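Structure record follows, encoded as structure tokens.
For the numbers below, each heavy atom of this structure counts, side chains included, while hydrogens, waters and symmetry mates do not. Sequence lines set the chain letters: A, B, ... in the order given, protein chains first and strands last, and positions in each chain run from 1. All values derive from a computational prediction rather than experimental measurement.
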2 protein chains.
Amino acid sequence: MDVQRLELLRELADRGSVTAVALATHRTPSAVSQQLKVLEREAGLPLTQRKGRGLVLTDAGRALARSATDVAVSLAKATALWDEFRNQASGEVSLVTFPTAGQMLLPGVIKALGPDLVLNCADEDPELSDFPAFTAEYDIVLAHSMSGQLSWAGRGLKVVPLMTEPLDVGLPVGHPLAERAWVGPSDLIGETWIGVTDGYPFERILHAIEQEAGARLEMSQRFADLALIESFVIAGLGIALVPRYTSGGGQPGRLVLKPLRGIESERQIVALMRPDRAERLAVRTVVDALQAEAARVQQSHAAPHHGTAK
Amino acid sequence: MDVQRLELLRELADRGSVTAVALATHRTPSAVSQQLKVLEREAGLPLTQRKGRGLVLTDAGRALARSATDVAVSLAKATALWDEFRNQASGEVSLVTFPTAGQMLLPGVIKALGPDLVLNCADEDPELSDFPAFTAEYDIVLAHSMSGQLSWAGRGLKVVPLMTEPLDVGLPVGHPLAERAWVGPSDLIGETWIGVTDGYPFERILHAIEQEAGARLEMSQRFADLALIESFVIAGLGIALVPRYTSGGGQPGRLVLKPLRGIESERQIVALMRPDRAERLAVRTVVDALQAEAARVQQSHAAPHHGTAK
DNA sequence: ATGAACTCTTTAGACTTGCTACATGGACGT
DNA sequence: ACGTCCATGTAGCAAGTCTAAAGAGTTCAT
């Protein structure tokens, strides 16, 4: 019946606790609890169920929450429509990203946006946290996945692809392989590797190399931060897999990138959003800017010469 | 922003005046005016405009009203969903029909519906009034159109076809043509006709007969009521075009029907609804029953023999 | 076992909101 | 010019929704 209440139910489905919903909607838990109770009375059947000290949705509750999404979407479309009538997009948009994508895209995007649109950015480590879950908190979530591996299918989230970034092999200047135009899996066995933290998507490619070459790679270190990995490579302590567009930012000319052949080695960078938020005009504007900037970055690297990076 | 207000704007688009909206929504005109004013202030641009002593929507207002329909639809889907969870369809559904369709379909439909679902019916003369406009007042509007002539395309209404009913030539017993298996346009010139009121869709077929036969039909009387026309035909005062399934109800055996060949002679009977109302579970149930009953009627007539009618 | 921490709920009271009732101001038709 | 019709202001009231504070149940640690 009432949209506000339905919205509350949907938030509960997303966030999983009354207090979280209250916090997110700037209300007291009491208010949320009361409204949910009213909704349940109107519905005439139990929508929630106590479990331990928390609260979970029943099947009926989940179904209702899902249809509440449709309501939120059409409502967001309506407000977007009249935003189009009035002025250009304005308001605030929040965004989380993993570090490398932010470094690559955000400065250009923020410059491209008008002064009426405030973009609040934050960064999070992509593997320590459940990125799709951030869509509850942020309007836009920048995430990456390996090609083909659509880890966030379903879930009811809107996924907008921004770019696919090749993952190259990073070598120190003077390394034997540095003279080659490209490298293959068999060239890489016997090298000392600087790896990524367990669970990183890069890991999948390293495994593919091992499988292709028929030997194990020697992994000396494991880091999460890209700049740290690069500094080890530059110091000659090993070689590593690095994203082409975002590497070498700090120390150009001291890191050599070689494309990897024989293995599909790239990552997809996408924007994740809750479907209703994706409809907001301001959000759509930011996503458009992200796509444009991603295309610009990709094109500037597609151009010939240009040394190793940048 | 607020759904109730959007709904009000949509009602205004449908009904055209603040007082009409107030009447329909059980409010005072003052309340409607205030809410529209709030909506306009939120939107930041004029949605309505005074015209004479009335009020009309601006372009922006119309656009918003249209998107308000989407909101209403998704909201109706949500409530329908939980109606499905809870019990079978219940509540009240209102319906208008033109007389012959009502006589043909409604008794069977009402018997088929459970006791929890109350169907309130009314009848209106199909030509004196704008039938699509009734969708503002009634949940379901039973209307007819000649085949191919989709008079209610666009408008944003949901159209559900129920049946196509042939229009036959009605003759008195003992008429020379009564022995024939069927009649063609050329057989019908020279006869005295009992016509329908100007503007009735039947009129189009009469014109088609004239065009095909190359002569004018002699029209002695013009009536709106079918039973009245039939009594004239039975009295031998002329022949007339009558819908096959609904004729002869009162006096079986005294009216002979002959199919008309050489001209497409049928009318489409459809249900018209506002899209949001079409989503209500109770409404959908009634529409399903209408379709089933229509199929039943059509089938019972498709069966051979059976004399003239019934 | 007992208490501390956490989560949801209940209750009572304040605040906000949308309504009715009545009055006002134009626009149309006679 | 008058009455009618329609939309809109103003004041007050009724309903709904929130906060605040206390209560009840569960989990975890000591």
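Considering only the side chain of B/Pro29, D/dT8 comes nearest among D/dT8, C/dT20, D/dG25. The side chain of A/Arg53 sits closest to D/dT27 out of C/dC19, C/dA27, D/dT27. Of the candidate nucleotides C/dC8, C/dT11, C/dC19, C/dC8 has the atom lying nearest to any side-chain atom of A/Ser17. Residue B/Gln35 has its side chain nearest to C/dC19 when only C/dC8, D/dG9, C/dC19 are considered. The nucleotide whose nearest atom lies closest to any side-chain atom of A/Ser30 is, among C/dC19, D/dT8, D/dA21, D/dA21. Nearest to the side-chain atoms of B/Arg50 among the listed nucleotides C/dT20, D/dA7, C/dT9 stands D/dA7. Closest approach to the B/Thr19 side chain among D/dC6, D/dA20, D/dT8 is made by D/dC6 (side chain taken as heavy atoms from C-beta onward). Proximity note for A/Arg5 (side chain, C-beta onward) versus D/dT17, C/dC19, D/dG9: the nearest is D/dT17.
Across the protein-nucleic acid pair, A/Leu8 atom CG and D/dC18 atom C1' stand 12 Å apart, rounded to whole Å. Atom CG of A/Leu23 is separated from atom P of C/dC8 by 11 Å (rounded to the nearest Å). Residue B/Glu40 contributes atom CD, which lies 10 Å from atom P of D/dG9 at whole-angstrom precision. In this entry the distance linking CG of B/Leu12 with C1' of D/dA7 reads 11 Å, nearest Å. For B/Leu55 and C/dG25, the CG to C1' distance is 15 Å, given to the nearest whole Å. Rounded to an integer number of Å, the gap from CG of B/Leu36 to P of D/dC6 is 16 Å. A/Asp2 places its CG atom 14 Å from the C1' atom of C/dG18, with the value rounded to the nearest Å. As rounded to whole Å, 16 Å separates atom P of C/dC8 from atom CG of A/Leu47.
In this structure the side chain of B/Glu124 reaches within 4.5 angstrom of the side chain of B/Phe131, judged on heavy atoms.
One N or O donor and one acceptor, one from the side chain of A/Gln34 and one from the base of D/dT19, sit under 3.5 Å apart.
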(request) List the steps and the verdict of side chain to side chain contact (heavy atoms under 4.5 Å, CB included) for B/Leu36 and B/Leu12. (result) CA-CA 10 Å; B/Leu36 288 176; B/Leu12 184 63; 3.9 Å; yes

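Look at B/Lys37 and you'll find a side-chain N or O under 4.0 angstrom from OP1 or OP2 of D/dG9. OP1 or OP2 of C/dT20 lies within a sub-4.0 Å distance of a side-chain N or O belonging to B/Thr28.
If you run side-chain hydrogen bond (donor to acceptor under 3.5 Å, both in side chains) between A/Arg274 and each of A/Thr135, A/Asp139, A/Thr69, A/Asp14, only A/Asp14 comes through.
Between B/Arg10 and B/Glu7 there is a salt bridge, since at least one side-chain N of the basic residue sits less than 4.0 Å from a carboxylate O of the acidic one.
When each of A/Gln4 and B/Gly16 is assigned the nucleotide of DNA chain D bearing its nearest heavy atom, the one mapping closer to the 5' terminus is B/Gly16.
Panel note: side chain A/Arg222, backbone A/Val196; a donor-acceptor pair is recorded below 3.5 Å.
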